[in-house]
Amino acid sequence: MRNLYQGATGDWEVVIGLEIHAQVISESKLFSGASTKFGSEPNTQVSFVCSAQPGMLPVINEECVRQAVRTGLAMGCQINLRSVFDRKNYFYADLPQGYQISQFKDPIVGEGVVTVDLEDGSTKDIGVERLHLEQDAGKSMHDQHPSMTYVDLNRSGVALMEIVSKPDMRSAEEAGAYFKKIRSLVRYAGTCDGNMDQGSMRADVNVSVRRPGEPLGTRTETKNVNSIRYVMMVIESEIRRQVDVLEDGGTIDQETRLFEVATGTTRTMRSKEEAHDYRYFPDPDLLPLEFSQAFVDELAKEMPELSDAKKARFIKDLHISAYNAGVLVAEKESADYFEELLSATVEKSGKQVSELGTMVSNWVTGDLFGALKKLGKGITGSPVSIAHAAELLSLQVDGTISGRIAKEVFENMLESGKSPEVIVDEKGLKQVSDTGAIETMIDEILVANADKVEEYRGGKEKLYGFFVGQVMKQTGGKANPQVVNQLLRPKLDG
Ligand code: ADP
Ligand code: MG
């Protein structure tokens, strides 16, 4: 069986469930018209509702409802035509209402299944339990004053989607792949920007271990983990800690833990005994949320093409490899870049889409991604424009430059920002396809290396490469390899 953790006393199976909080893309908050813009001055985006002034009433923002439904559709989940908002009661300085409006028993989105791609090329289905809508709290700022805590309510009331998985993951890798997939889906659907460094997405990580075949073990929940890498670190460290405790004859407390980046480990935040009783009850200020199947169908019709469908189309229509297709669709931006580049290259070179798919996909996933990685940039920060990239690939397609020279030109494009046509002109990098010139050169080389020609003809066929190398050397790598082969082979063999 895969994915077992080897402890000192035998194998352990790891069980993981994630609760992902994703901030909804919408102009205004879940129950008020205050703006959700990121990075504004503290307390400049606060309505009477989000600061909990007496007598203020929440009004549901229809756009947030649409976004939650779109996200549910993207994950292939059941959409509930009737859901209920509940009050989750607790005290915190940055929670002026004294409760958070959330959904408890009746969430807007129910069960579904998400398929994730794993490193070894296999896939795994992970169950989604539910998605519910809830408000975010404000932010306490402890670093503004020596003895006081400041409160910023800009985030108070911003809509969050909480996406709860089933305990279906069995390794840190699977959990990382699932988080990545959810992030990719919400970005494709346009329902959450997925910017983790701005806090748009974070996860509560539930981990337990058990002997294979036994019932589920006691889990711990590590709160507010804000990167995929950290989620995987939390899991690795919890597995080791829990197995150590159990193998020493101890028991795992069901508790809430915190991740410490500095040590890469987790520590106790509160135990079950201290756990909140949130006293959930339906919010009397809000009617149950009800909409028609027609509302859902309308949203389903308008959904953009998502990654799984895009991947299948790339493989079927563009004849590119499943591997390349998977890499390209993982992020919407790279899929978009690829498609735009492909059509620009088709236009520029006059070739068919099906003839160029493999070449363009290889260039994007290989040359371009390699260069971006070195530069520490993402596809949206690419220093090479679609127009320049299409020009480069077209020069290669029409035989003006060889594949090897194309790599050299690309390096130069990254440094200088110049167009490939200009670089090829300035450096005289045009491929030499002039049969006459190459033939003369080959004749000279064969005369100058008569001894090697004898050896070749005597059976030392490996020397073929030497002659090709000589032609390339004399042309600075610019001889068209096809022309060289066509001319050289008969001369040597004849
Ligand atoms: P709560 O609402 O109390 O946090 P849930 O039952 O909703 O509890 O579970 C929260 C998350 O914990 C879900 O993602 C679920 O899959 C996961 N989970 C539940 N039991 C376990 C377990 N024994 N080990 C690991 N994860 C678990
Ligand atoms: Mg929980």
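Computed from heavy atoms alone, side chains included, the values below leave out hydrogens, waters and symmetry copies. Atoms within each ligand, like the ligands themselves, are counted from 1 in listed order. Note that the coordinates shown come from a computational prediction; the quantities given were computed from them, not determined experimentally.
- Side-chain contact annotation: T222 with E238, donor-acceptor N/O pair under 3.5 Å absent.
- At a heavy-atom distance under 4.0 Å, no atom of T218 approaches ligand 1.
- Paired with P107 under the rule side-chain contact (heavy atoms from CB on, under 4.5 Å), one option of E162, H132, M161, E129 passes, and it is H132.
- Proximity to P167 (heavy-atom distance under 4.0 Å) selects the following atoms of ligand 1: 16 (O), 27 (C).
- In summary, the atoms of ligand 1 found under 4.0 Å from a heavy atom of L18, numbered by their order in the structure, are 14 (O).
- Taking each of E221, R219, E129 in turn, the one with a heavy atom nearest to atom 8 (O) of ligand 1 proves to be R219.
- Proximity of L216 to ligand 1, defined as any heavy-atom pair under 4.0 Å, is confined to the side chain (atoms from C-beta onward).
- Less than 4.0 angstrom separates some heavy atom of V15 from each of these atoms of ligand 1: 24 (N), 25 (C).
- Against a heavy-atom cut-off of under 4.0 Å, K166 is close to the following atoms of ligand 1: 16 (O).
- Within ligand 1, counting atoms from 1 as listed, the ones closer than 4.0 Å to a heavy atom of G217 are 23 (N).
- Every atom of ligand 1 is numbered from 1 in the order shown, and the set under 4.0 Å from a heavy atom of G17 is 14 (O), 16 (O), 17 (C), 26 (N).
- Remark: ligand 1 atoms within the under-4.0 Å shell around heavy atoms of S165 are 13 (C), 14 (O), 15 (C), 16 (O).
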Starting from the C-alpha separation in whole Å, work towards a yes-or-no answer on side-chain hydrogen bond (donor to acceptor under 3.5 Å, both in side chains) for Q100 and S102. CA-CA 6 Å; Q100 180 187 22; S102 182; 5.4 Å; no
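- Side-chain rings of F314 and F338 approach one another, their centers coming within less than 6.0 Å.
- Salt-bridge check for D285 with R87: passed, with a basic side-chain N closer than 4.0 Å to an acidic carboxylate O.
- In this structure the side chain of I79 reaches within 4.5 angstrom of the side chain of F291, judged on heavy atoms.
- Inspection of the T191 and Q67 side chains reveals no N or O donor paired with an N or O acceptor under 3.5 Å.
- Contacts with ligand 1 closer than 4.0 Å are made by side-chain heavy atoms of V164 only, the backbone lying farther away.
- Both tests hold for R211 against W12: distance to the six-membered ring centre under 6.0 Å, angle to the ring axis within 45°.
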